[in-house]
Protein chains: 2
Amino acid sequence: MYKLPPRNLIYQDVLNQILTLIKNGEWIAGDRIPTETELSKIFQVSRNSIREALKILEHLKIISSKAGSGTHVLEESFQNIQMLELVDTLRQKSTYESLMDTRLIIEPELAYRAALKANEKDIKKLENIIIVSINQINDEEYFTPTVGFSFHMELAKIADNEIIWKFLESITLELLSLRKVIMNKHNKEDLLKELDEHKEIFGFIKSNNPEQAKIAMYNHLKKAQNHLTDYEN
Amino acid sequence: MYKLPPRNLIYQDVLNQILTLIKNGEWIAGDRIPTETELSKIFQVSRNSIREALKILEHLKIISSKAGSGTHVLEESFQNIQMLELVDTLRQKSTYESLMDTRLIIEPELAYRAALKANEKDIKKLENIIIVSINQINDEEYFTPTVGFSFHMELAKIADNEIIWKFLESITLELLSLRKVIMNKHNKEDLLKELDEHKEIFGFIKSNNPEQAKIAMYNHLKKAQNHLTDYEN
DNA sequence: AAGTATTTGTCCGTATGTATC
DNA sequence: GGATACATACGGACAAATACT
């Protein structure tokens, strides 16, 4: 026997329909949309279901409801629908390959910038992160697949762009949630190799050599990619 | 008289409290959380208000509710909370300066890749976009601040990374919604200069010269930044 | 395997606070 | 300031899906 497809929930249906109305420009930024009671008549569902859909749209900052004055489409609705699509893409297209490729686009440039901008305090902090990593790897009591994470993130912080920093954090944490990354770091030897590459990048940052830092970062990420490919073959 | 700060909405309060419980690890992925009726007793609010909060968390893919089996914290809750924070950062930190800086990190590398990967069809498409732009600029009937948009996006498409492509789209559309970008393109002369730079980048892509394409893109974006600074002084 | 209990899904009615004219 | 229209919030009821015994 085949399973029936799960029945659509009403609030999700309403949500999608309203979203489509706004996307299609039938309800435009600034417009006041029908009242909850009117919507419940239009869609032939209860006011509760309407409200659940509206509360979601409100949280997405696409609409705004106020007692007395009704519900309006926000001026920023277009941008926030874009955000929604960005999140959808991020969820659907996140594979090991695509995420590593994304890092490959961003991180070499961040290394370049870090080599230009790093001050003494930044250098100290990076140095400390490397020392902690060494200890973590030698202290084999626990397994540490996230051992290199803080080095990459600190480097992004030095590059001094909060948007890219947060974006890279999402990308990298998503990557860590995939099993494949852990395959890449299942023995001490591999972890130490990775650490050596971090040391090399750090050296170029410390000596203010942006071009070399960038190349070293590119090669570092490429190796991780190739290393995994080896395993799979 | 001073206005009282708007009273917190109950569903938002509940939402934040539940989110905090999950962030703090008190409710962990896989856990079944209290029933709606229990929650309404715990928080001392109606079941409707609980549901409005839960529906938002469900849409964020942090929890999942099913009739009969209750509400559970999803395995991907951690990543999706990250997504939430990414969107918050994107909303809060998006200024002309930070967004242009973000493009400056990403787009030169995309130009580099485009010069490596572009096939004949891609070249044709880019060429066509430039021709359309020329016509749009000469056809002064309407003002076209988005005239350069499709060139940049097509280039990102050729670079062949959907995540970065969508990310750049969000960034760029957000940028276009800021008034400042339009200041940058208020006369025909400026638009034609911009177009010339596009032609230059295109030339390097067509002749498979990644290094030059990258440099040209970098300079192109830098000029836009500087141009605006001139206006402000 | 069948029936009962539990839990979310959906609906309705009502009272209250708030904005607008 | 009074009347009206609206969202906010509550409680109760039953249906539908799942779990449990």
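Proteins come first, then strands; the chains are lettered A, B, ... in the order of their sequence lines, and each starts at number 1. Please read all numbers here as calculations on a predicted model, not as lab measurements.
Spacing between atom CG of A/Leu54 and atom C1' of D/dA7 amounts to 10 Å, rounded to whole angstrom units. Atoms CD (B/Glu58) and P (C/dT8) sit 11 Å apart, rounded to a whole Å. Between B/Phe43 atom CZ and D/dC10 atom C1' there is a gap of 17 Å when expressed in whole angstrom units. Remark: P of C/dT10 and CD of A/Gln44 are 15 Å apart, rounded to the nearest angstrom. Atom CG of A/Asn8 and atom C1' of C/dT10 are 15 Å apart (whole Å). What separates CZ of B/Arg47 from C1' of D/dG12 is a distance of 11 Å, to the nearest Å. Nucleotide C/dC11 holds its C1' atom 10 Å from the CG atom of B/Asn48, rounded to whole Å. Separating the CG atom of B/Leu9 from the C1' atom of C/dG17 is a distance of 12 Å, rounded to the nearest angstrom.
Taking the side chain as every heavy atom from C-beta outward, A/Glu58 and B/Glu52 never approach each other to under 4.5 Å.
Taking 4.0 angstrom as the limit, B/Ser46 places a side-chain polar atom (N or O) nearer than this to OP1 or OP2 of D/dC10. A sub-4.0 Å separation between OP1 or OP2 of C/dG9 and a side-chain N or O of B/Arg51 is present. Not one side-chain nitrogen or oxygen of A/Lys66 sits closer than 4.0 Å to the OP1 or OP2 atom of C/dT20. When the side-chain nitrogen and oxygen atoms of A/Ser69 are compared with OP1 and OP2 of C/dA19, none of them lie within a distance under 4.0 Å. Residue A/Arg32 places at least one side-chain N or O closer than 4.0 Å to OP1 or OP2 of D/dC6. For the OP1/OP2 pair of D/dC10 and a distance below 4.0 Å, the side-chain nitrogens and oxygens of B/Ser49 include at least one atom meeting the criterion.
Ion pairing between a basic and an acidic side chain is recognised when a charged N comes within 4.0 Å of a carboxylate O; A/Glu169 and A/Lys166 show such pairing.
Scanning for side-chain contact (heavy atoms from CB on, under 4.5 Å) contacts around A/Ser46 gives A/Asn48, A/Ser49, with sequence neighbours left out.
To the nearest 0.5 angstrom, A/Phe167 atom CZ is 11.5 Å from A/Asn161 atom CG. Atoms CD1 and CD, from B/Ile164 and B/Glu107 in turn, are 10.0 Å apart once rounded to the nearest 0.5 Å.
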Mind running salt bridge (Lys or Arg N to Asp or Glu O under 4.0 Å) on A/Glu76 and A/Lys61 for me, showing each step along the way? CA-CA 8 Å; A/Glu76 329 93 70; A/Lys61 297 191 197 290; over 6 Å; no
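A heavy atom lying under 4.0 Å from DNA chain C marks the following residues of residues 34-42 of chain B, by number: B/Thr35, B/Glu36.
Other residues, nucleotides and ligands place no more than 12 heavy atoms under 6.0 Å from the NZ atom of A/Lys66.
Comparing C/dT8, D/dA9, D/dC6 by their closest approach to the side chain of B/Ile10 singles out D/dA9.
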